[in-house]
Amino acid sequence: MKSSEVEIMKCFLCTVDQSLPFPNYNEIKIDEEDAIYPYIQKLVAANLQNAAAMEADFEEGSYLDTAVTDDPDDLEMFVNVVTDTVYELVRDNAELSSGSGIFAFCMVEEQPYIGFFKMHFQERFVCKVAEDGKVSWVMNSKIMPRCTQKEYDFFLINILDRKVKLSDVENYIDDCKVNYLAEYVLKLKAKPSEKEKVEIIKETTIETIRECYEEKEVPQKIMEYRTEVAEHVEQTGRVSVAQIEQRVFADNEKAAGRYRERLEEERIAREPMPVSKKTERQFTKKQKIVTDNGIELLVPVEYLKNADYVEYVQDEEGNISIIIKSVHAIQA
């Protein structure tokens with residue numbers, strides 16, 4: 001989505017600095033002419049499409065359901081509670097860095113969202129000119145990051161759908177490694193990100209192929225899996241655990257059962273999972289084949305399991321040859 005599609009209705013800034021005796025926040029009036037307006041638009045747009053973001057849902061009547069509002073004029077109470085909670089966590093836990101926070105109530109595709117971005121203070125050398133004209137370098141430890149940097153924690157709440165996206169950061173608090181925004185601020189249980197779930201499916205599929213098929217069948221079977229997933233994602237915009245089982249492991253009941261059990265253990269749902277455009281492009285672009293001697297080949301997805309273009313041949317000693325066919329010219 002384009003950042004210009006984000007309409008900001010309300011904005012608060014806060015400071016959560018452990019060197020200060022207390023936190024503070026204040027509302028700022030902004031319009032599209034202010035420099036901070038497109039900055040916040042980019043933050044919201046980028047993270048609504050962030051495949052690495054963790055996810056959570058909240059039920060009607062839950063803590064978060066009663067804490068958020070679809071009226072931007074009622075945002076301040078939520079800002080107050082979140083600011084105090086984050087400040088106390090930063091003050092009491094060395095792993096959490098000080099910083100400044102941005103709260104934004106915004107509309108995206110007619111849906112109300114509440115966003116919070118905790119921008120970590122960063123250390124940078126800056127050039128300073130003294131009154132006598134002397135130029136020197138000094139360390140500034142409270143510089144705000146650019147919105148393209150991964151130097152902030154965030155959550156984005158879809159108020160009406162009761163869904164939340166959160167940064168995937170985890171820190172030790174009371175000897176437990178947790179996502180502090182989910183556990184302590186929003187009182188939610190975060191689920192794995194789209195990126196993590198896709199990686200689990202990929203690793204499980206390939207491990208199952210290596211364990212349940214003869215060695216000479218493995219390369220072709222992996223290419224078959226990659227092609228099937230790419231075609232399904234391109235057609236539906238989803239990754240389907242059940243579809244992979246049915247298509248890739250239709251010829252091996254043992255492999256299908258092992259694949260199914262492992263993903264159940266990982267709590268990966270069998271229902272088709274919508275994926276972002278970024279993930280979709282990763283599946284449908286050229287796939288990389290890497291050999292154990294370091295040779296890398298980029299092959300268009302549609303050729304991966306087409307023996308008219310790419311063939312895998314294994315000799316008696318188990319060595320695999322990759323034959324590239326129907327080549328009319330080689331470009332230097």
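Quick caveat, the model's predicted, so the values are computed rather than measured.
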Query raised in the report: Taking 4.0 angstrom as the limit, do Arg258 and Glu211 come out as a salt bridge?
Result: yes
Query raised in the report: Got Lys221 and Asp251 here, is their nearest side-chain heavy-atom distance under 4.5 Å?
Result: yes
Query - Main-chain N/O of Val185 paired with Thr85 side-chain donor or acceptor, under 3.5 Å - result: no
Report task. Please say whether more than 12 non-hydrogen atoms of neighbouring residues, nucleotides or ligands are located less than 6.0 Å from CG in Asp175. Result -> no
Query raised in the report: Which one of Asn158, Asp161, Asp70 satisfies the side chain to side chain donor-acceptor pair (under 3.5 Å) criterion with Tyr113?
Result: Asn158
Requested in this report: Give, for atom CD of Glu199 and atom OG1 of Thr279, the distance between the pair rounded to the nearest 0.5 Å.
Outcome: 11.0 Å
Query raised in the report: Using the ring of each side chain (for Trp, its six-membered ring), is Phe155 parallel, tilted or perpendicular to Phe78, with breaks at 30° and 60°?
Result: perpendicular
Query - Approximate separation, where rounding is to 0.5 Å, of Cys11 SG and Ile28 CD1 - result: 4.0 Å
Query raised in the report: Side-chain heavy atoms under 4.5 angstrom apart, residues restricted to Ile, Leu, Val, Met, Phe, Trp, Tyr: same cluster for Tyr87 and Leu181?
Result: yes
**Report entry** Leu48-Ile114 co-clustered via ILVMFWY side chain contacts under 4.5 Å
**Finding:** no
Query raised in the report: Could you state the interatomic distance from CD1 (Ile244) to NE2 (His232), rounded to the nearest 0.5 Å?
Result: 8.5 Å
**Report entry** Pairwise side-chain contact, Gln243 with Pro272, heavy-atom cut-off 4.5 Å (strictly under)
**Finding:** no
**Report entry** Close side-chain approach of Lys189 and Glu183, heavy atoms under 4.5 Å
**Finding:** yes
Query raised in the report: Is the side chain of Lys165 donor-acceptor paired with the backbone N or O of Asn50 at a distance under 3.5 Å, no angle test?
Result: yes
Query raised in the report: Under 3.5 Å, is there a donor-acceptor pair between the side chain of Asp34 and the main chain of Ile36?
Result: no
Query raised in the report: Ile209 versus Tyr259: any side-chain heavy-atom pair under 4.5 Å?
Result: no
Requested in this report: Start with the C-alpha gap between Arg270 and Arg260, add the side-chain angles, then the distance that decides, and say whether side-chain contact (heavy atoms from CB on, under 4.5 Å) holds.
Outcome: CA-CA 9 Å; Arg270 290 180 64 80; Arg260 183 167 55 251; 3.6 Å; yes
Requested in this report: Please report the shortest heavy-atom distance between Thr66 and Gly61, naming the atom on each side.
Outcome: CG2-O, 4.2 Å
**Report entry** Charged tip of Lys118 within 45° of Tyr152 ring normal and under 6.0 Å
**Finding:** no
Query raised in the report: Can you tell if the side chain of Lys197 reaches within under 4.5 Å of the side chain of Pro192, non-hydrogen atoms only?
Result: yes
Report summary line: Interatomic distance, CG@Asn179 vs OG@Ser167, rounded to 0.5 Å, equals 6.0 Å
Query - Exercise: do Asp84 and Tyr25 side chains pair donor with acceptor under 3.5 Å - result: no
Requested in this report: First locate atom CD of Glu231, then atom CD of Glu234, and finally report the distance between them rounded to the nearest 0.5 Å.
Outcome: 8.0 Å
Report task. Could you give me the CA-CA distance, side-chain angles and deciding distance for Ile159 and Phe105, then say whether side-chain contact (heavy atoms from CB on, under 4.5 Å) is met? Result -> CA-CA 10 Å; Ile159 300 167; Phe105 188 106; 3.8 Å; yes
Query raised in the report: For atom NZ of Lys277, is the number of surrounding heavy atoms from other residues, nucleotides or ligands below 6.0 Å larger than 12?
Result: no
Query - Hydrophobic cluster membership, Leu64 vs Phe12, 4.5 Å side-chain cutoff - result: yes
Query raised in the report: Where is the tightest heavy-atom contact between Arg238 and Pro274, given as atom of each residue plus distance?
Result: NH1-CG, 3.4 Å
Query raised in the report: Are Val6 and Ile40 side-chain neighbours, meaning at least one heavy-atom pair lies under 4.5 Å?
Result: no
Requested in this report: Verify the neighbour count for atom CE of Met77: are there more than 12 heavy atoms of other residues, nucleotides or ligands below 6.0 Å?
Outcome: no
Query raised in the report: Looking just at side-chain N and O atoms, do Tyr180 and Asn171 make a donor-acceptor pair shorter than 3.5 Å?
Result: no
Query raised in the report: Around atom CZ of Arg210, are there more than 12 heavy atoms of other residues, nucleotides or ligands at under 6.0 Å?
Result: no
**Report entry** Val241 to Ala269 - nearest heavy-atom pair and separation
**Finding:** CG2-O, 3.5 Å
Query raised in the report: Do Asp57 and Lys163 sit within salt-bridge range, that is, some charged N less than 4.0 Å from a carboxylate O?
Result: yes
Query raised in the report: In the hydrophobic cluster built from side-chain contacts under 4.5 Å, what are the other members alongside Tyr172?
Result: none
Query raised in the report: Side-chain heavy atoms under 4.5 angstrom apart, residues restricted to Ile, Leu, Val, Met, Phe, Trp, Tyr: same cluster for Leu43 and Met54?
Result: no
Could you tabulate the donor-acceptor pairs under 3.5 Å formed by side-chain atoms of residues 200-208, not counting sequence neighbours?
| from | atom 1 | to | atom 2 | distance (Å) |
| --- | --- | --- | --- | --- |
| Thr204 | OG1 | Ile200 | O | 2.8 |
| Thr205 | OG1 | Ile201 | O | 2.7 |
| Thr208 | OG1 | Thr204 | O | 2.7 |

Query raised in the report: If we only count heavy atoms from C-beta on, is the Val198 to Met273 side-chain gap below 4.5 Å?
Result: yes
**Report entry** Leu166 CG to Asp153 CG distance, which is reported to the nearest 0.5 Å
**Finding:** 10.0 Å
Query - Shortest non-hydrogen contact from Glu280 toward Gly237 - result: OE1-CA, 4.1 Å
Query raised in the report: Is a salt bridge present between Glu228 and Arg247, judged by a nitrogen-to-oxygen distance below 4.0 Å?
Result: yes
Requested in this report: Would you sort out whether Glu7 and Cys106 count as a side-chain contact (heavy atoms from CB on, under 4.5 Å), showing the intermediate values?
Outcome: CA-CA 5 Å; Glu7 181 184 3; Cys106 52; 5.9 Å; no
Report summary line: Tightest non-hydrogen contact, residues Gly115 and Leu156, listed as CA-CD2, 3.7 Å
Query raised in the report: Is the shortest distance from a Lys or Arg side-chain nitrogen in Asp73 or Lys10 to a carboxylate oxygen in the other one below 4.0 Å?
Result: yes
Query raised in the report: Any side-chain heavy-atom pair from Tyr184 and Ile173 closer than 4.5 angstrom?
Result: yes
Query raised in the report: Crowded around Gln111 CD? As in, over 12 foreign heavy atoms under 6.0 Å?
Result: yes
Requested in this report: Could you tell me whether the side chain of Tyr37 and the main chain of Ile30 form a donor-acceptor pair under 3.5 Å?
Outcome: no
**Report entry** Note: Glu27-Lys29 ion pair, threshold 4.0 Å (strictly below)
**Finding:** yes
**Report entry** Step-by-step salt bridge (Lys or Arg N to Asp or Glu O under 4.0 Å) determination, Arg162 to Glu59
**Finding:** CA-CA 7 Å; Arg162 297 192 178 92; Glu59 298 178 354; over 6 Å; no
**Report entry** Short side-chain donor-acceptor distance under 3.5 Å, Ser19 and Asp17
**Finding:** yes
Report summary line: Residues Phe154 and Phe117: closest non-hydrogen pair is CB-CD2, 3.4 Å
Query - Shared hydrophobic cluster for Met107 and Phe116 (ILVMFWY, side-chain gaps under 4.5 Å) - result: yes
Query raised in the report: With distance as the sole criterion, is a donor-acceptor pair present between the side chains of Ser276 and Glu194 under 3.5 Å?
Result: yes
